[in-house]
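Structure first, commentary second.
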Protein chains: 2
Amino acid sequence: MSYSIGQVAKMVGVTTHTLRYYEKEGLLPFVHKSGSGLRVFTDNDLNWLAMIECLKETGMPLKGIKQYIDWFIEGDSTLQQRLDMFRNQKQKVEAQIALYRKHLEKINYKIQMYEDAVKKGSWDKMLEEQRLAEEKERRFGKK
Amino acid sequence: MSYSIGQVAKMVGVTTHTLRYYEKEGLLPFVHKSGSGLRVFTDNDLNWLAMIECLKETGMPLKGIKQYIDWFIEGDSTLQQRLDMFRNQKQKVEAQIALYRKHLEKINYKIQMYEDAVKKGSWDKMLEEQRLAEEKERRFGKK
DNA sequence: CCAAAATATAGAGTTTGCTTTAAGTTAATT
DNA sequence: AATTAACTTAAAGCAAACTCTATATTTTGG
C-alpha cells in the first residue's frame with residue numbers, strides 16, 4: 001500500500017509540516033516522490049516512523065535518530081554501532097523509569113500532605129497536628 | 001545554614017546562571033539578598049529547589065512550577081488546586097512510565113535482532129535465517 | 001591591602017523541535 | 001470546467017530553557 005502525506009500524518013498523529021520537517025532533517029530518506037513531486041509513503045516508511053516515534057519519545061534527539069538512520073544506510077559495517085546505540089538507549093530508558101519512580105514517591109507524599117491539609121482546611125494546622133503526632137510517637141513509642 | 005549562589009549551584013547540579021534565571025522566572029521567591037545585594041540561600045530554598053527538580057524532571061514546564069509556587073504564596077485558599085496539581089502530575093508520571101515500558105520492549109526486540117545480526121555479520125543474513133525459522137515453525141508446528 | 005575569585009545586572013544569543021506564512025502547483029469533486 | 005482541498009518549496013517565526021557576554025561590584029585569601 002501507499003499513502004499520501006496527509007494520510008500518514010493522521011495515522012502517525014503529527015502534522016504534514018512535521019513530516020516534511022523530518023524529511024528535511026534526514027529522518028525519512030526512503031520516501032519516494034510521484035512524477036508530479038508528491039510524496040508517496042509506503043508501509044516501510046510507516047515502520048520507520050514507528051521507530052522514530054519510539055526513539056523520540058524515549059528522549060533521543062532528532063540528530064541521534066538521524067545518526068541511526070545514516071548507519072542503517074551505510075550497511076553492515078555499522079551493525080555494532082547500531083547495537084551499541086540500542087543498548088545505550090535501553091540503559092537511558094531504564095534509568096529514566098527509575099528516576100520517575102523516585103519522583104513519584106515524592107509526589108505521593110505531597111498528595112498525602114495536601115489531602116490532609118485540605119481536610120483540615122489549613123496547611124499550618126495540618127503541619128501542627130503532624131508535629132504533635134510525631135512528638136507523641138517519640139514519647140510513647142510507636143503503635 | 002546559609003549558602004552562596006555558587007555553593008547552591010554545585011549542590012543542586014546547575015549553573016549560577018540557571019539559578020538566577022529561575023529566580024527571574026519567579027521560581028525562587030524566598031531567596032533573600034545580603035546588604036550588598038548578594039543572594040543568600042537557606043535550607044528552605046534548597047527544599048524548594050528539590051521540589052522544582054522533581055516537577056521539572058517529571059516533565060512540568062517552568063510555568064507550571066511557577067503556578068504552584070504562586071498558589072503556595074497565595075495560601076490556604078489554593079490548597080485544593082495544589083492537591084489537584086500533584087494528583088495530575090502523578091497521573092502524568094504513571095502514564096509516562098507505562099509508555100517507557102512499551103518502548104523498552106521495542107528496544108529490547110531490536111537489541112535481539114542486532115545481536116543476532118552482529119553474530120552473523122550481516123543484517124540480511126539474520127533476516128533470512130529468521131524468515132526460514134519462522135517458515136519451519138509454520139510448517140511443523142512449534143517446539 | 002591588593003589581586004583573584006565570586007557575584008551582580010541587563011541583555012543578547014543558542015538550541016531544539018516544531019509551526020506558520022507566502023506563493024504557488026496538483027488532485028479530487030461537483 | 002471550475003472550485004476547493006491537498007500538496008509543493010523556501011523561509012521566517014516561535015516557545016522553552018537555558019547560556020553567554022559585558023561591565024560593574026563584592027568578597028576572600030595571602
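Computed from heavy atoms alone, side chains included, the values below leave out hydrogens, waters and symmetry copies. By convention in this document, chain letters (A, B, ...) are assigned in the order of the sequence lines, proteins followed by strands, and residues within each chain are numbered from 1. From a predicted model like this one, the values you see are computed outputs, not experimental measurements.
Residues from residues 30-60 of chain B lying near DNA chain D, meaning a heavy-atom separation below 4.0 Å, are B/S36, B/L38, B/K56 in numerical order.
Rounded to whole Å, atom C1' of C/dT21 lies 9 Å from atom NE2 of A/H17. Rounded to whole Å, the distance from CG on B/L27 to C1' on D/dC18 is 13 Å. Distance, A/Y21 OH to D/dC14 P: 17 Å, rounded to whole Å. The nearest whole Å value for the distance from the CZ atom in B/R20 to the C1' atom in C/dA6 is 9 Å. Note: CD1 (B/I65) to C1' (D/dA17) measures 11 Å, nearest angstrom. Spacing between atom NZ of B/K63 and atom P of D/dC14 amounts to 14 Å, rounded to whole angstrom units. Between the P atom of D/dA10 and the NZ atom of A/K24 lies a distance of 10 Å, rounded to the nearest Å. Distance A/Y3 OH to D/dC7 P: 15 Å, rounded to the nearest Å.
Side-chain atoms of A/D43 and A/Y3 include a donor-acceptor pair closer than 3.5 Å. Judged purely by distance below 3.5 Å, without hydrogens or angles, the side chains of B/D116 and B/Q112 never pair a donor atom with an acceptor atom.
The neighbour count for B/Q91 CD, taken as heavy atoms of other residues, nucleotides or ligands under 6.0 Å away, does not exceed 12. The number of heavy-atom neighbours closer than 6.0 Å to OH of B/Y109, taken from other residues, nucleotides and ligands shown, is 12 or below.
Side-chain contact between A/E105 and A/N108: absent, with no pair of heavy atoms (C-beta onward) separated by less than 4.5 Å.
Looking only at distances, a side-chain donor or acceptor of B/S122 sits under 3.5 Å from a matching main-chain atom of B/K125.
Nearest nucleotide to the B/P61 side chain, out of C/dT19, C/dG17, D/dA17: D/dA17.
Ion pairing of B/E115 with A/R87 is present here, as a side-chain N (NZ or NE/NH1/NH2) and a carboxylate O approach within less than 4.0 Å. Using a 4.0 Å cut-off between a side-chain N of Lys or Arg and a carboxylate O of Asp or Glu, A/R138 and A/E134 do not qualify as a salt bridge. For B/R131 and B/E128, the salt-bridge test passes: some basic side-chain N is under 4.0 Å from an acidic carboxylate O. Salt-bridge annotation for B/K120 and B/E129: present, with a side-chain N of the basic residue lying under 4.0 Å from a carboxylate O of the acidic one. Look at A/K63 and A/E25 and you find no salt bridge, because none of the NZ, NE, NH1 or NH2 atoms lies under 4.0 Å from a carboxylate O.
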Please produce a list of atom pairs where a protein N or O lies less than 3.5 Å from an N or O of nucleotides 3-6 of chain D.
none

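Between B/Y22 and D/dA17 there is no side-chain polar atom (N or O) within less than 4.0 angstrom of OP1 or OP2.
Taking a pair as Watson-Crick or G-U with both hydrogen-bonding distances under 3.5 Å, the stems of three or more pairs touching DNA chain D are C:1-30 with D:1-30.
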